Amino acid sequence: MSPTLILSLIAGYFVVLVIIALLTSRKATSESFFIANRNAPWYMVAFAMIGTSLSGVTFISIPGMVATQSWSYMAVVLGYIVGYLVIGTVLMPMYYRLRLVSIYTYLEQRFGFWSYKTGAFFFLISRAVGAAFRLFLVAGVLQLAVFDSLNVPFAVTVSISILLIYLYTFRGGLKTILWTDTFQTMAMLVCVAVSIYLMADELNLGFAGLVKTVKESAMSQIYFSDPKDDKFFWKQFASGAFITIVMTGLDQDLMQKNLSCRNLQDAQKNMFWFTIAIVVVNVFFLSLGVLLYQFAAAKGITLPTNPATGKVIGDNVFPLLATNHFSLFAGIVFILGIIAVTYASADSALTALTTSFCVDMLDIKQYEEKKQTRVRQLTHFGFSLVLIVIILIFRAINDQSVITAVFKAAGYTYGPLLGLYSFGLFTSRGLHDRLVPYVCVAAPLVTWFINANSKAWWGYEFGFEILILNGLLTFVGLLAISRARVPELNPVA
């Protein structure tokens, strides 16, 4: 694929997004930017959330990791079901009852000012890092496919990518994103389906042969044997449940879409159908990974390896095959798919960061609408710059699979949120509010120390369940600084 063709595809794609933004951002207000006037159809929210939840990390890393991790990630996906059940039955009823714009307002009502600011701060860190990791992956693919041959620096690629997101989101916010993410989710799903079909056709596999090939592959294994292994099923399953609770239920990005539904019943219907869809889509991605390696083996294609370890670089497998060894049509579909899924995640994250900072840190409601608009747009631009800086830092230090990096980072930054909300929901005690920030900083540090030494101490290797340990340590720390609750100061259970 020529760089000119890819640039043309990107330009055409963003023209469509800008047109959607212009049509949906008319008469935009802060309420439409933050929660789409609480009038979004539940089925639209459910479909749009697929693209937001998956991102380019799923698109690239999950198919690529099957060579070393097999289908161990499927245990995480099955754990999602439990997590979404908790969100739909415990968290969403509370959010709707309190009519929250930012979900972290709950912490102020339950515990006080410092708990509220601490929760919002950890979200801002978590989502900024997570969004940057996801954008880093796609920017790297575009750099490899287009900009290296044009001698364009990586920093320029990143800056252009994020500023394009800013361009179509800065006015309409969530009201626009629900429409653009619906379009982008459709583009992503078409890409996955077409990629699977074309590879099956190249390998002369009908539907039955496709299912058999995936089922009988050694790369479809799920691990039940060794509890100390970081791929052990029940560790992964539990991790998936807690990852979902914190990265969806305690995350302003995903919950912002849920809070845009007309009522709680619509939001719960959205969560039910979204859960089914996300499990099915992840099965497709894992199947795609098996087919990618089968395709490379059948065609005698040498896959990129890490010179230090000799292992295949999983994140490079799909991009390499799609842009160099698939047909031109398949390559075009791949480029459109990865752009779609990544920007569906990134535009939502940028809007959520803006929402949380404006509501939680700046108390934007104190201003009249005209000033709210100015503050909101400046904040939106500021977070665009923050994402650029984080991506450049990550490029300098990254040495592992991006999806592993994302979830490891989440384990440290979302742990305090898990501890705070668990303490608020499952105990009746109050907190010495000014001490909360110290507990929420100490818990991730202790978690990191334990993780760094656990293999030497016990022969145990932590995986994604590091999040559970972090949340537990936060909970214990909060218990240590707790006090009898004062009802009039903490009116929300």
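Atom set for the values below is all heavy atoms of this structure, side chains included, hydrogens, waters and symmetry mates excluded. Nothing here was measured: the structure is a model prediction, and the numbers come from that model.
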Point to revise | CA sep, side-chain torsions, deciding dist, call: W448, Y412, side chain to side chain contact (heavy atoms under 4.5 Å, CB included) | key: CA-CA 8 Å; W448 173 83; Y412 291 108; 3.7 Å; yes
Exercise for review: With side chain to side chain contact (heavy atoms under 4.5 Å, CB included) as the test, would you mind laying out the steps for T474 and N470 before giving the verdict?
Suggested key: CA-CA 6 Å; T474 304; N470 196 356; 3.8 Å; yes
Point to revise | Chi angles and distances behind the side chain to side chain contact (heavy atoms under 4.5 Å, CB included) call for I177, T169 | key: CA-CA 7 Å; I177 284 169; T169 59; 4.1 Å; yes
Point to revise | Stepwise side chain to side chain contact (heavy atoms under 4.5 Å, CB included) check, D251 with V246 | key: CA-CA 6 Å; D251 185 288; V246 297; over 6 Å; no
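Listed for the N258 side chain is no donor-acceptor partner under 3.5 Å among the backbone atoms of M271. Judged by distance alone, the side chain of N270 and the main-chain N or O of A46 form a donor-acceptor pair under 3.5 Å. Proximity of a side-chain donor or acceptor of Q252 to a complementary backbone N or O of V101 within less than 3.5 Å is detected. Between the side chain of N282 and the main chain of I278, a donor-acceptor pair closer than 3.5 Å is present. Side chain of S422 to main chain of G419: no donor-acceptor pair is present (N/O by atom type, distance under 3.5 Å, no hydrogens or angles). Between the side chain of T185 and the backbone N or O of F47 there is at least one donor-acceptor pair closer than 3.5 Å. A distance-only check finds no donor-acceptor pair linking the side chain of S356 to the backbone of A352 [under 3.5 Å].
Taking the ring axis of Y460 as reference, the NZ or CZ atom of K235 stays within 45° of it and closer than 6.0 Å to the ring centre.
Inter-residue side-chain proximity for M255 and L100 is flagged as unmet; no heavy-atom pair is nearer than 4.5 Å. With contacts defined as side-chain heavy-atom distances shorter than 4.5 Å, the pair F183/T180 does not qualify. Inter-residue side-chain proximity for F147 and V156 is flagged as unmet; no heavy-atom pair is nearer than 4.5 Å. Residues V436 and F111 form no side-chain contact, since every pair of their non-hydrogen atoms from C-beta on lies 4.5 Å or further apart. Side-chain atoms of T379 and I364, non-hydrogen and from C-beta on, never get closer than 4.5 Å to each other. Side-chain contact between V129 and T413 is absent, with no heavy-atom pair separated by less than 4.5 Å. Looking only at side-chain heavy atoms (C-beta outward), T275 and Y80 stay at 4.5 Å or farther from each other. W458 places a side-chain heavy atom less than 4.5 Å from the side chain of I450.
The only option from L259, I103, V86, L264 that meets the side chain to side chain contact (heavy atoms under 4.5 Å, CB included) definition with M92 turns out to be L264. When each of F357, Y116, F123, F121 is checked for a ring-ring contact (aromatic ring centres under 6.0 Å, His included) with Y104, only F123 meets the rule.
The distance from atom CG of L350 to atom CZ of F383, rounded to the nearest 0.5 Å, is 8.5 Å. The CG atom of L362 sits 12.5 Å away from the CZ atom of R376 when rounded to the nearest 0.5 Å. Atom CG of residue L250 and atom OG1 of residue T244 lie 11.0 Å apart, to the nearest 0.5 angstrom. In this structure, CZ on F113 lies 10.5 Å from OG on S115, to the nearest 0.5 angstrom. The distance from atom CG of L445 to atom CG of L473, rounded to the nearest 0.5 Å, is 11.0 Å. Atom OG of residue S161 and atom CD1 of residue I388 lie 9.0 Å apart, to the nearest 0.5 angstrom.
For Y166 and F381, the distance between ring centers is under 6.0 angstrom. For Y414 and F242, the distance between ring centers is not under 6.0 angstrom.
Under a cut-off of 6.0 angstrom, the local environment of CZ in F284 is sparse, with at most 12 non-hydrogen atoms contributed by other residues, nucleotides or ligands. No more than 12 heavy atoms of other residues, nucleotides or ligands sit less than 6.0 Å from atom CZ of R434. More than 12 heavy atoms of other residues, nucleotides or ligands lie within 6.0 Å of CH2 in W42, so this atom counts as buried by the packing criterion. Open room surrounds CE on M186; 12 or fewer heavy atoms of other groups in view lie less than 6.0 Å from it.
Heavy-atom minimum distance, Y106 versus L425: OH-N, 3.7 Å. Between P63 and V66, the shortest heavy-atom distance links the atoms O-CG2, 3.3 Å. Summarising the geometry of R110 relative to T427, their closest heavy-atom pair is NH2-O, 2.8 Å, with the distance given to 0.1 Å. For L431 against R483, the heavy-atom pair with the smallest separation is O-NE, 3.1 Å. Of all heavy-atom pairs spanning V45 and A40, the tightest one is CG2-CB, 3.8 Å. Summarising the geometry of L387 relative to A128, their closest heavy-atom pair is CD2-O, 3.5 Å, with the distance given to 0.1 Å.
Relative ring orientation between Y421 and Y95 is described as perpendicular, the plane-to-plane angle rising above 60° on a 0-90° scale split at 30° and 60°. Using cut-offs of 30° and 60° on the angle between ring planes, the pair W234 and F237 is perpendicular.
Counting only N and O atoms by type, the side chains of Q256 and T355 include a donor and acceptor under 3.5 Å apart.
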